[in-house]
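Here is the naming used below: chain letters follow the sequence lines, and residue numbers restart at 1 for every chain.
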Protein chains: 2
Amino acid sequence: MTADKPKTRIQAKNQDAILKGALDVFAAEGFKGATLDAIAEAAGLSKPNLLYYFPSKEAIYLALIDTLLDAWLAPLSAIDPGGDPVEEILAYVLRKLDMSRTMPRESRLFANEILQGMPHISATIAGRLKVLVDDQAGLFERWIADGRLAPVEPHHLIFSIWATTQHYADFASQVEALVPGDETARFDGARDFLDAFYRRALTPS
Amino acid sequence: MTADKPKTRIQAKNQDAILKGALDVFAAEGFKGATLDAIAEAAGLSKPNLLYYFPSKEAIYLALIDTLLDAWLAPLSAIDPGGDPVEEILAYVLRKLDMSRTMPRESRLFANEILQGMPHISATIAGRLKVLVDDQAGLFERWIADGRLAPVEPHHLIFSIWATTQHYADFASQVEALVPGDETARFDGARDFLDAFYRRALTPS
DNA sequence: TAAGGGTTTGACCAAACGGTCAATCCGACG
DNA sequence: CGTCGGATTGACCGTTTGGTCAAACCCTTA
């Protein structure tokens, strides 16, 4: 299903430029709002040249999602079953918050896709996501059973982490309008809040 | 700036039908994804007839936002300064969660708008929002100073409430894919989680 | 009932859109 | 150097889109 590996250096360079440009445009405008002309300009190519490397706008979009999904979900997989439960989850929260700061386009890309009802997410991708989430939910439940984590429903805990951290990327325009100071100050404030918040909520009594 | 009050019953009925249909379409497709034909069909009118009542697609969108914003923000204003801090904020959380269940289209409408960088939100609307948020943040700070609320930064607390509750409307497709059971069960689980979570996080030690 | 104004619509337009294609360009390799 | 296959593009196409307009419709009221 995914594209073959590039053969020549020109192919590698151009496919990379296209995906980079497409990330800019799709994240800012959504799938329907993005135009091939805008992607071509962002990639520094002509529109027919875009379609020499990808057969359609949707193919670019799918390749982009496929390329970014693993990196986007990696921190959830990286939770160490051997570590301290509260500290492991807190590290995940802060890692996700940092990704909202350093990778806001990826966050908005997925936010747009899910908001529209995930029309481009295949059953296999959704299945991969569900397996990962269910696995980590099972880990959380074991931690809870061992009394090392406050008893909270794991799926909703994961949702709350996604929601609170990605909020600073997806709804950055609103956050900027409501909180004074520069970006660094805002993310420092968010870090302090989320650390204290999740520490209180997750530490077993 | 806002449209005048409708004069005739036909005007009232059709403007209402247009705004209802537009809510369906804009919430599902976003501003750029929505088409006048789709809105017209959802409203049960012809496209030229739409444009007899509103001068443009953007005018429909602006009227819709203007109509819905106050109701959408009302629960935040409704927090009672004379009530118990933790219970007041918890009631706000559960009210917002309930709105995600009963008004998901409104939630997605605003989510789409903010995701795109609030290109249609005027300075006056943003100003109204900021005054409201800053006011309630001030109330939270007084509660904290009185030792009746755990010391958390109020703006980030409000963001977390918006994020965790609206998540169940904005990203419903993802929640449905990851949590088994029907909608009622999912929202019951979310309610239990958020109640316990915020109660722990907000109760002063 | 006749008229007048508010209401509705089929037909249309210009621009933007995703995508195609034949022609051209260019760089690697014998 | 010549050539051959990959790379690039200007011109173009059919469709969709937001919006227009003149004609027709219909509801109210005198």
Side-chain angles (χ1 to χ4, degrees), chain A residues 3-66 109 112-113 116 119-120, chain B residues 3-66 109 112-113 116 119-120:
Chain A
D4 296 328
K5 294 289 173 190
K7 299 278 183 178
T8 75
R9 279 146 213 171
I10 290 182
Q11 283 175 2
K13 184 190 67 171
N14 282 347
Q15 287 193 11
D16 193 62
I18 291 170
L19 291 180
K20 274 189 157 53
L23 176 57
D24 274 340
V25 177
F26 281 128
E29 311 285 349
F31 180 78
K32 295 202 177 180
T35 69
L36 289 177
D37 289 280
I39 297 171
E41 189 184 340
L45 298 175
S46 66
K47 183 168 64 169
N49 208 9
L50 264 195
L51 295 164
Y52 174 75
Y53 289 101
F54 291 90
S56 69
K57 174 182 168 180
E58 188 174 27
I60 301 174
Y61 187 78
L62 293 177
L64 192 60
I65 285 198
D66 194 69
L109 180 79
N112 263 304
E113 172 66 16
Q116 307 306 320
H120 305 279
Chain B
D4 295 328
K5 293 292 171 188
K7 298 280 185 175
T8 75
R9 280 144 213 172
I10 291 181
Q11 283 175 1
K13 184 190 66 171
N14 283 346
Q15 287 193 10
D16 193 61
I18 291 171
L19 292 179
K20 276 188 156 54
L23 176 57
D24 273 341
V25 177
F26 281 129
E29 311 286 349
F31 180 78
K32 294 202 176 181
T35 68
L36 288 177
D37 289 280
I39 297 171
E41 189 185 341
L45 297 175
S46 67
K47 183 169 66 170
N49 208 9
L50 265 195
L51 295 163
Y52 173 76
Y53 289 100
F54 291 91
S56 67
K57 174 181 169 181
E58 188 175 27
I60 301 175
Y61 187 78
L62 293 177
L64 192 59
I65 286 196
D66 194 68
L109 180 80
N112 262 306
E113 173 66 16
Q116 307 306 320
H120 305 278

* Asked: Can you tell which of A/N112, A/I65, A/I39 makes a side chain to side chain contact (heavy atoms under 4.5 Å, CB included) with A/F26?
  -> A/I39
* **Note, B/L109 side chain near B/Y61 side chain (heavy atom, < 4.5 Å)** => yes
* Closest to side chain of A/L36, choosing from D/dG19, C/dG19, C/dT20 -> C/dG19
* Asked: Between C/dT20, D/dA7, C/dG18, which one does the side chain of A/K57 approach most closely?
  -> C/dG18
* Could you write nucleotides 25-30 of chain C as a row of B, S and -, 5' to 3', where a protein heavy atom under 4.0 Å of any base atom gives B, of only sugar-phosphate atoms gives S, and otherwise -? -> ------
* At under 4.0 Å between heavy atoms, what does B/A34 touch on the DNA or RNA strands: base, sugar-phosphate, or nothing? -> sugar-phosphate
* May I have the distance from A/D37 (atom CG) to D/dT9 (atom C1'), rounded to whole angstrom? => 13 Å
* Structure fact -> From CZ of B/R9 across to P of D/dT28 the rounded distance in Å is 8 Å
* Just how far, in rounded Å, is P of D/dG19 from OH of B/Y61? -> 15 Å
* Mind listing the closest non-hydrogen atom pair of B/F54 and B/L19 along with its distance? => CZ-CD2, 4.1 Å
* **B/Q11 side-chain proximity, nearest of C/dT9, C/dG19, C/dT7** => C/dT7
* Asked: Quick one, which residues of residues 20-33 of chain A touch DNA chain C with a heavy atom under 4.0 Å?
  -> none
* Asked: Hey, is the side chain of B/K47 pairing donor to acceptor with the base of D/dG19 inside 3.5 Å?
  -> yes
* Between D/dT17, C/dC21, D/dT8, which one does the side chain of A/Y53 approach most closely? -> D/dT8
* To do: Kindly write out the residues that satisfy side chain to side chain donor-acceptor pair (under 3.5 Å) with B/E58, not counting sequence neighbours, or none if the list is empty.
  => B/H120
* Structure fact -> Atom NZ of A/K13 and atom P of D/dA7 are separated, to the nearest Å, by 11 Å
Tell me which donor-acceptor pairs under 3.5 Å the side chains of residues 43-50 of chain A have, and how far apart each pair is, sequence neighbours excluded?
| from | atom 1 | to | atom 2 | distance (Å) |
| --- | --- | --- | --- | --- |
| A/S46 | OG | A/N49 | N | 3.4 |

* To do: When you get a sec, tell me which of C/dG19, D/dG19, D/dA11 is the closest nucleotide to the side chain of A/P48?
  => D/dA11
* To do: Could you name each residue pair satisfying salt bridge (charged side-chain N to carboxylate O under 4.0 Å, His left out) that touches residues 17-26 of chain A, not counting sequence neighbours?
  => A/D16-A/K20, A/D24-A/R105
* CD1 of B/I39 versus P of D/dG19: gap in Å, rounded? -> 10 Å
* Think B/N49 has a side-chain N or O under 4.0 angstrom from the OP1 or OP2 of C/dT7? -> no
* To do: Indicate whether OP1 or OP2 belonging to C/dT9 is found under 4.0 Å from a side-chain N or O atom of B/Y52.
  => no
* With sequence neighbours excluded, tell me which residues meet side chain to side chain donor-acceptor pair (under 3.5 Å) with A/K13. => none
* Would you say a side-chain N or O of A/N14 is under 4.0 Å from OP1 or OP2 of D/dT8? -> yes
* Structure fact -> Closest to the 5' end of DNA chain C, once A/L51 and A/T35 are matched to their nearest nucleotides, is A/T35
* Point-to-point distance, once rounded to the nearest 0.5 Å, from CG of A/L23 to CD1 of A/I18 -> 13.5 Å
* To do: Can you tell me the distance, in whole Å, between the CG atom of B/L50 and the P atom of C/dT8?
  => 11 Å
* Asked: In whole angstrom, what separates B/Q15's CD from C/dT8's P?
  -> 11 Å
Check residues 27-38 of chain B and write down every donor-acceptor pair under 3.5 Å in which the side-chain atom is one partner and the other belongs to a residue at least two apart or another chain.
| from | atom 1 | to | atom 2 | distance (Å) |
| --- | --- | --- | --- | --- |
| B/E29 | OE1 | A/K32 | NZ | 2.9 |
| B/K32 | NZ | A/E29 | OE1 | 2.9 |
| B/T35 | OG1 | B/A38 | N | 3.0 |

